[in-house]
**Student:** 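Sending over a structure as structure tokens; questions will come in a sec.
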Amino acid sequence: MKVLVIGSGGREHALVWKIAASPLLGKLYCTPGNPGIGAIAETAALDTGNHASLAAFCRQHRIDLVVVGPEAPLVGGLVDSLRRAGIRAFGPDCAAARLEGSKSFTKDLCARFNIPTAAYGCFNNAPKAKAYIRAHGAPIVVKADGLAAGKGVVVAMNVEEACNAVDACFEGAFGAAGGQVVVEEFLHGEEVSFFCLCDGKTALALGSVQDHKRVGDGDTGANTGGMGAYAPATIVTQPMEARIMQEIIQPTMDGMAAIGAPFQGILFAGLMLTPDGPKLIEYNVRFGDPECQVLLMRLENDLLPLLVAAADGELDQASPEWSDDVALTVVLAAEGYPHMPRKGSVIDGVEEAAALPGIMVFHAGTAMENGRLTANGGRVLNVTARGANVVEARAKAYAAIEKIRWPQGFCRTDIGWREVERQKPQ
Ligand code: AMP
Ligand code: GLY
């Protein structure tokens with residue numbers, strides 16, 4: 001088979017690495033890719049916004065499957081265009097991608113199909129949003145409706161902060177994403193991410209992951225795209241997983257099919273495990289980054305037939321197998337991330353780190369300049385380890401990081417702390 005992967009992050013490096021291991025693979029392309037991806041796939045500079053030229057590339061290179069990594073091309077209808085051109089694509093079409101592209105769409109779906117989520121109101125003007133906030137009190141959560149690159153959410157501890165967030169949304173702080181706001185109940189509990197592979201009808205659980213969104217140790221500082229992750233999160237026990245599938249995932253699959261927008265691709269549920277049970281915070285319609293890296297480190301079988309079965313609506317025949325190992329990834333970021341990461345510094349020692357047993361170093365924002373690896377983005381490398389338990393996986397990941405010589409880079413030193421606490425004898 002010939003496969004094209006779209007994206008350039010650590011998530012796509014992990015996808016490319018796993019697909020490259022498939023005996024079914026003939027040729028692997030990635031656009032735009034990064035230097036780590038370039039070592040295992042042919043990278044091409046294609047304009048993914050130009051659907052006609054992308055389809056032409058696929059026809060010319062006889063691509064059998066396109067795997068779309070990030071959300072923007074999914075919400076932008078790339079999968080619709082590829083399918084219209086007769087090209088098989090893994091990922092939701094534009095109608096199904098509304099699960100991530102519009103928070104109000106998802107909230108309305110939850111209401112209609114009885115999917116547990118925070119109580120909410122949707123507003124297209126500030127006075128009504130503020131009246132709702134005053135009526136409900138704080139803490140309360142204000143969200144810009146559309147895609148805001150993970151920045152459109154304010155968890156407000158008092159009414160004034162919530163009202164200011166409403167003003168910021170309507171004043172255009174999040175561009176078009178802020179034309180409508182969702183105001184919702186603050187959920188108490190522990191947050192986990194839960195992933196499923198979906199074919200429009202069937203959803204197969206891929207398991208739970210916990211991310212670390214804040215930039216600093218102890219979950220302090222600014223929000224980021226994710227500073228590290230591990231899988232599985234043992235707080236999601238077998239009975240909890242069964243509840244999540246039965247109360248949240250399957251009703252979503254059935255609801256989407258019922259409204260004529262069957263969901264095919266990766267369904268990524270951000271959940272709060274509240275005292276009343278699991279509740280949906282949000283959906284994403286793709287693998288998380290860096291959650292994908294830890295999920296794929298534990299997958300024992302070939303990824304490629306699973307992606308094809310999902311795209312072809314044949315997942316009822318598939319059964320992924322997982323290692324008993326824990327996987328943990330630590331993100332190395334460039335100084336200044338997330339506000340103003342500084343580009344261009346030289347990174348040495350990646351090969352030494354990657355040569356250690358049970359370690360993969362996935363590239364995200366890297367570049368090659370004059371034969372040397374340099375930082376070219378905020379999140380730069382994902383040092384990912386497998387171990388018999390979380391303590392071992394974490395020790396291996398940090399030992400590998402010791403081999404990387406990059407004074408202008410930093411990482412959190414406490415990735416996995418929740419799970420490490422849970423594993424301690426009581
Ligand atoms: P989102 O972009 O919707 O994932 O929101 C970003 C973060 O805000 C989430 O990961 C949660 O930590 C937090 N958050 C969002 N909605 C709620 C809620 N209703 N209650 C508590 N925390 C929330
Ligand atoms: N790590 C969070 C995300 O990919 O959305």
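From a predicted model like this one, the values you see are computed outputs, not experimental measurements. Indexing begins at 1, ligand by ligand and atom by atom, following the structure's order.
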**Student:** Where does Glu291 meet ligand 2, judged by heavy-atom distances below 4.0 Å: at the side chain, the backbone, both, or neither?
**Tutor:** side chain
**Student:** Does an N or O anywhere in Arg379 fall below 3.5 Å from an N or O of ligand 2?
**Tutor:** no
**Student:** Which heavy atom of Leu65 sits nearest a heavy atom of Ala89, and at what distance?
**Tutor:**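 Heavy-atom minimum between the residues: CD1-C, 4.3 Å.
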**Student:** With side chain to side chain donor-acceptor pair (under 3.5 Å) as the test, pick out the partner of Gln210 among Glu190, Glu191, Glu291, Arg418.
**Tutor:** Glu190
**Student:** Taking N or O atoms only and a 3.5 Å limit, does Gly225 qualify as a polar contact for ligand 2?
**Tutor:**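 Yes: some nitrogen or oxygen of Gly225 is under 3.5 Å from one in ligand 2.
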**Student:** Using a heavy-atom cut-off of under 4.0 Å, does the side chain or the backbone of Leu187 touch ligand 1, or both, or neither?
**Tutor:**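 Both of them.
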**Student:** So, regarding Met272 and ligand 1 (criterion: nitrogen or oxygen to nitrogen or oxygen, under 3.5 Å), is there a contact or not?
**Tutor:**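 In this structure, Met272 places no N or O atom under 3.5 Å from an N or O of ligand 1.
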**Student:** Please list, in number order, the atoms of ligand 1 under 4.0 Å from a heavy atom of Val141.
**Tutor:**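 So the answer, numbered in order with elements, is 16 (N), 17 (C), 18 (C), 19 (N), 20 (N).
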**Student:** Has the side chain of Arg11 got a donor or acceptor atom that lies under 3.5 Å from a matching backbone atom of Phe287?
**Tutor:**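 Yes, the answer is positive, given that a donor and an acceptor are paired below the 3.5 Å cut-off.
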**Student:** Please check if any side-chain donor atom of Ser104 sits under 3.5 Å from a side-chain acceptor atom of Gln180, or the reverse.
**Tutor:** yes
**Student:** What are the atoms of ligand 1, with element, lying closer than 4.0 Å to any heavy atom of Ile281?
**Tutor:**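 Those qualifying, in numeric order: 3 (O), 15 (C), 16 (N).
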**Student:** Check each atom of ligand 1 against the heavy atoms of Lys143 and keep those under 4.0 Å away; list them by number with element.
**Tutor:**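 The atoms of ligand 1 under 4.0 Å from a heavy atom of Lys143 are 3 (O), 15 (C), 16 (N).
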**Student:** Could you go through Trp17 and Met297, starting from their C-alpha distance and side-chain angles, then the distance that decides it, and tell me whether this counts as side chain to side chain contact (heavy atoms under 4.5 Å, CB included)?
**Tutor:** CA-CA 10 Å; Trp17 162 70; Met297 280 292 268; 3.8 Å; yes
**Student:** Report the member of Val155, Leu271, Val154 with the shortest heavy-atom distance to atom 23 (C) of ligand 1.
**Tutor:** Val155
**Student:** Pick from Leu54, Leu4, Val3: which one makes a side chain to side chain contact (heavy atoms under 4.5 Å, CB included) with Ile63?
**Tutor:**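 Filter result, single survivor: Leu4.
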**Student:** For ligand 1, note which part of Lys213 has a heavy atom under 4.0 Å away: side chain, backbone, both or neither.
**Tutor:**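 Under 4.0 Å from ligand 1, Lys213 contributes side-chain atoms alone.
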**Student:** Looking at ligand 2, does Arg286 have a heavy atom less than 4.0 Å from it?
**Tutor:** yes
**Student:** Around atom NZ of Lys130, are there more than 12 heavy atoms from other residues, nucleotides or ligands closer than 6.0 Å?
**Tutor:** yes
**Student:** Any idea which atoms of ligand 2 are less than 4.0 Å away from a heavy-atom of Gly288?
**Tutor:** 4 (O)
**Student:** Please list, chain by chain and in numerical order, all residues satisfying ring-ring contact (aromatic ring centres under 6.0 Å, His included) with Phe263, sequence neighbours excluded.
**Tutor:**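 Phe263 satisfies ring-ring contact (aromatic ring centres under 6.0 Å, His included) with no residue once adjacent residues are dropped.
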**Student:** If hydrogens are left out, which of Arg214, Glu184, Glu282 has an atom nearest to atom 4 (O) of ligand 1, that is, the closest non-hydrogen atom?
**Tutor:**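 Nearest option to atom 4 (O) of ligand 1, by heavy atoms: Glu282.
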**Student:** Using the six-membered ring wherever Trp is involved, compare the ring planes of Phe195 and Phe268 and label them parallel, tilted or perpendicular (cut-offs 30° and 60°).
**Tutor:**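 Ring orientation, 0 to 90° scale: tilted.
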**Student:** Output the list of atoms in ligand 2 that are nearer than 4.0 Å to some heavy atom of Asp211, sorted by atom number.
**Tutor:** 1 (N), 2 (C)
